[in-house]
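Have a look at the structure below before the remarks.
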Amino acid sequence: MTDDGQTYTNPVLNADWSDPDVVRVGDDFYLTASSFGRVPGLPLLHSRDLVNWTLVGHALERLEPEERFTAPRHDHGVWAPSLRHHDDRFWIFWGDPDQGIFQVNAPEIRGPWSRPHLVKEGRGLIDPCPLWDDETGEAYLVHAWAKSRSGVNNRLTGHRMHPDGSSLLDAGKVIVDGDRIPGWFTLEGPKLYRHDGWFWILAPAGGVATGWQGALRSRGFFGPYEERIVLEQKDTGVNGPHQGGWVRTQAGEDWFLHFQQRGAYGRVVHLQPMRWGADGWPVIGDAGAPVAVHPRPALPPQPPAAPATGDDFPGGRFGRQWQWTANPGAGWATQHSGDGLRLACVRSGDAHDPRRLPHVLTQRLPGTPCAVEVELRLDRAEPGARAGLVVLGDAFGWIGLECRPGAGVRLVHRFAEAAADRERDAGPSCPAPGGRARLRIEIGAGARCRFSYDVGAGFVPSGPVFTATPWRWVGALLGLFAAAPEGPGAAGAATFTHFRVTPC
């Protein structure tokens with residue numbers, strides 16, 4: 001988000017780009033983020049000025065092992081990746097809290113990326129970050145712990161690593177014990193660097209919504225480390241400003257990208273100025289407080305840009321902004337000669353609950369008020385087949401079309417609260433002539449969603465306001481889906497066209 005060409009306004013990525021990490025290669029900056037159980041995973045963003053970002057691809061085509069991710073696992077999968085460039089290759093390490101530490105690498109940011117390689121097996125191993133130390137020729141890796149899987153947290157474990165990134169060379173040692181630092185808790189998300197003769201770990205503590213950014217330094221990788229809080233909320237409106245990455249521009253400026261937890265909007269990304277103080281410690285933001293508006297980095301001006309949202313689905317293909325809620329299956333989406341996303345009404349015993357469906361095509365909920373519109377047609381539908389536009393979290397609301405026995409295709413609006421295992425009507429249904437409808441959701445402040453539809457006579461409001469909710473670690477999502485109850489044979493197909501997200 002930008003102001004006048006001289007300054008920028010935070011957040012620079014106003015959607016759920018959780019746990020960002022950043023690297024510079026030449027004049028280009030690249031960023032990746034957590035993708036949890038969505039596919040493809042490990043998004044890859046590009047910028048020339050650290051303010052304007054575009055999505056250029058993903059590093060992870062499918063989650064492995066395949067059988068583990070055939071159904072949605074919204075809070076599992078890819079947690080807090082680290083992105084590095086070494087030996088003319090890009091490297092991404094991440095932790096799957098149920099499996100261990102994985103790594104992929106590629107010669108170019110757009111790939112081809114290697115298959116996931118398990119560097120260290122174990123439950124609760126999260127937030128890994130490698131370092132290839134040019135001063136010593138050694139390679140290292142640091143990681144944190146998830147208490148929900150391992151029974152421990154608030155500590156960082158360090159390893160020597162094989163220079164090819166394939167394995168660790170020792171059993172590991174706790175190099176920072178947060179329990180020994182007065183007032184610190186939930187120390188995690190370490191990013192490892194070398195600077196000015198020190199090993200540096202930039203790591204958050206204090207919890208996702210309420211914490212702070214810490215810096216730790218030591219003359220030796222295995223410690224001992226001294227610590228300091230270098231970014232915290234203070235009297236700003238930016239809660240829990242922490243977990244991200246440091247990058248130095250080609251002009252020699254230092255910057256820090258981090259997230260802020262914003263409920264249903266997930267973890268939005270802020271850009272903070274950074275400098276090294278006279279005592280050798282980093283100073284982030286405005287004397288340790290997050291900035292809202294700040295002069296831009298001293299880099300060549302770039303046109304405004306942001307990750308894509310709208311889509312015409314040319315040839316039935318969908319853009320990079322879309323992710324399935326699990327590993328995709330054959331026949332879910334059909335390519336064709338025209339425009340429009342053609343989804344099969346996949347039969348499922350969970351057709352009544354899109355939270356459980358793997359064949360929901362999703363993108364991030366925008367962090368600013370907006371209107372979302374799409375046109376839908378339901379073809380060759382069998383009774384029970386439905387398709388629609390959904391706001392998906394641990395509660396959900398959707399509006400769309402359903403084929404009913406003896407009643408043809410009707411407009412329906414459904415919802416379910418977080419604790420409910422089945423949907424309920426949110427508004428009355430009505431006929432949808434020709435099996436067509438235009439669907440609209442206006443998303444206002446506080447992620448409050450107002451649904452409406454047009455079946456030929458203009459838009460009509462439907463139901464009460466629905467407030468989007470996140471999952472435990474993942475922000476709410478916008479989704480398109482088609483489904484049908486279990487039964488024999490094909491159930492029909494849905495075609496979505498002209499998907500648009502516009503400012504309110």
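This one's a predicted model, so the numbers in the text were calculated from it and none came from an experiment.
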Has [X] got a side-chain atom pairing as donor or acceptor with [Y]'s backbone, closer than 3.5 angstrom?
X      : Y      : answer
Thr186 : Ala205 : no
Gln323 : Pro40  : yes
Ser114 : Asn105 : yes
Tyr8   : Pro295 : no
His58  : Arg62  : no
Thr70  : Ala326 : no

Output the distance between atom [atom1] ([X]) and atom [atom2] ([Y]), rounded to the nearest 0.5 Å.
X      : Y      : atom1 : atom2 : value
Leu477 : Asp16  : CG    : CG    : 7.5 Å
Ile441 : Cys370 : CD1   : SG    : 9.5 Å
Leu480 : Gln363 : CG    : CD    : 8.0 Å
Asp27  : Thr249 : CG    : OG1   : 10.0 Å
Glu417 : Glu423 : CD    : CD    : 11.5 Å
Leu202 : Leu231 : CG    : CG    : 10.5 Å

4.5 Å side-chain heavy-atom contact, [X] and [Y]:
X      : Y      : result
Arg38  : Val474 : yes
Pro11  : Val269 : no
Leu341 : Phe499 : no
Val23  : Val247 : no
Val390 : Ile399 : no
Ile126 : Trp94  : no
Thr495 : Asp379 : yes
Phe36  : Trp79  : yes

Result of checking Gln233, Glu232, Gln260, Arg262 against Asn239 for side-chain hydrogen bond (donor to acceptor under 3.5 Å, both in side chains):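 Output: one option passes, namely Gln260.
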
Asp19 and side-chain hydrogen bond (donor to acceptor under 3.5 Å, both in side chains): which partner among Ser34, Ser35, Ser82?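 Exactly one pass, corresponding to Ser34.
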
Stepwise, does the salt bridge (Lys or Arg N to Asp or Glu O under 4.0 Å) test hold for Glu373 with Arg438? CA-CA 7 Å; Glu373 285 190 25; Arg438 295 170 64 201; 3.4 Å; yes

Hey, are [Y] and [X] close enough side-chain-wise for a donor-acceptor pair under 3.5 Å?
X      : Y      : value
His258 : Gln272 : yes
His76  : Asp98  : yes
Asp49  : Ser47  : yes
Gln6   : Arg296 : no

Contacts of type side-chain hydrogen bond (donor to acceptor under 3.5 Å, both in side chains), residue Arg355, not counting sequence neighbours: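 Expected list: Asp353.
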
Listed partners of Trp246 passing side-chain hydrogen bond (donor to acceptor under 3.5 Å, both in side chains), at least two apart: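 Trp246 satisfies side-chain hydrogen bond (donor to acceptor under 3.5 Å, both in side chains) with Asp254 only.
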
Non-hydrogen atoms of [X] and [Y] that approach each other most closely:
X      : Y      : value
Ala203 : Gln213 : N-NE2, 3.0 Å
Gly349 : Glu486 : N-CG, 3.3 Å
Leu376 : Gly400 : CD2-CA, 4.2 Å
Val391 : Ala468 : CG1-CB, 3.7 Å
Asn52  : Ala305 : OD1-N, 3.0 Å
Val51  : Pro297 : CG2-CD, 4.1 Å

Looking at [X] and [Y], does any basic side-chain N land under 4.0 Å from a carboxylate oxygen?
X      : Y      : value
Asp75  : Arg73  : no
Arg48  : Asp28  : yes
Glu442 : Arg440 : yes
Arg500 : Asp312 : yes
Arg404 : Glu402 : yes

Please walk me through it: do Lys191 and Asp127 pass salt bridge (Lys or Arg N to Asp or Glu O under 4.0 Å)? CA-CA 8 Å; Lys191 295 295 183 284; Asp127 308 349; over 6 Å; no

Look at atom CD of Glu61 and say whether more than 12 heavy atoms of other residues, nucleotides or ligands are closer to it than 6.0 Å.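 Not more than 12 within 6.0 Å, no.
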
Inspect the surroundings of CZ in Arg248 and state if more than 12 heavy atoms from other residues, nucleotides or ligands are less than 6.0 Å away.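 Yes, the 6.0 Å shell around CZ holds more than 12 heavy atoms from other groups.
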
Criterion side-chain contact (heavy atoms from CB on, under 4.5 Å) on Val360 and Leu392, from CA distance to verdict: CA-CA 10 Å; Val360 182; Leu392 192 62; 4.2 Å; yes

Salt bridge (Lys or Arg N to Asp or Glu O under 4.0 Å) between Glu108 and Arg89, intermediate numbers included: CA-CA 7 Å; Glu108 304 289 342; Arg89 297 188 74 82; over 6 Å; no

Identify which one of Trp324, Trp398, Trp332 satisfies the ring pair (Phe, Tyr, Trp, His ring centres under 6.0 Å) criterion when paired with Phe481.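 When Trp324, Trp398, Trp332 are each tested with Phe481, the ring pair (Phe, Tyr, Trp, His ring centres under 6.0 Å) holds only for Trp398.
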
For Ser429 and Arg410, run side chain to side chain donor-acceptor pair (under 3.5 Å): C-alpha distance rounded to whole Å, both residues' side-chain angles, the deciding distance at 0.1 Å, then the answer. CA-CA 6 Å; Ser429 70; Arg410 297 182 68 85; 3.1 Å; yes

Evaluate the ring planes of [X] and [Y], with Trp represented by its six-membered ring, and classify them as parallel (under 30°), tilted (30 to 60°) or perpendicular (over 60°).
X      : Y      : answer
His413 : Phe451 : tilted
Trp322 : Phe313 : tilted
His242 : Phe259 : tilted

Run the numbers on Tyr30 and Phe90 for ring pair (Phe, Tyr, Trp, His ring centres under 6.0 Å), then give the verdict. CA-CA 10 Å; Tyr30 301 102; Phe90 290 91; 5.3 Å; yes

Between Thr469 and Asp394, does a side chain to side chain donor-acceptor pair (under 3.5 Å) hold up when you go through it step by step? CA-CA 6 Å; Thr469 61; Asp394 65 0; 2.6 Å; yes

Per the side-chain contact (heavy atoms from CB on, under 4.5 Å) rule, which among Thr54, Leu45, Asn14 passes with Pro307?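 Output: one option passes, namely Leu45.
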
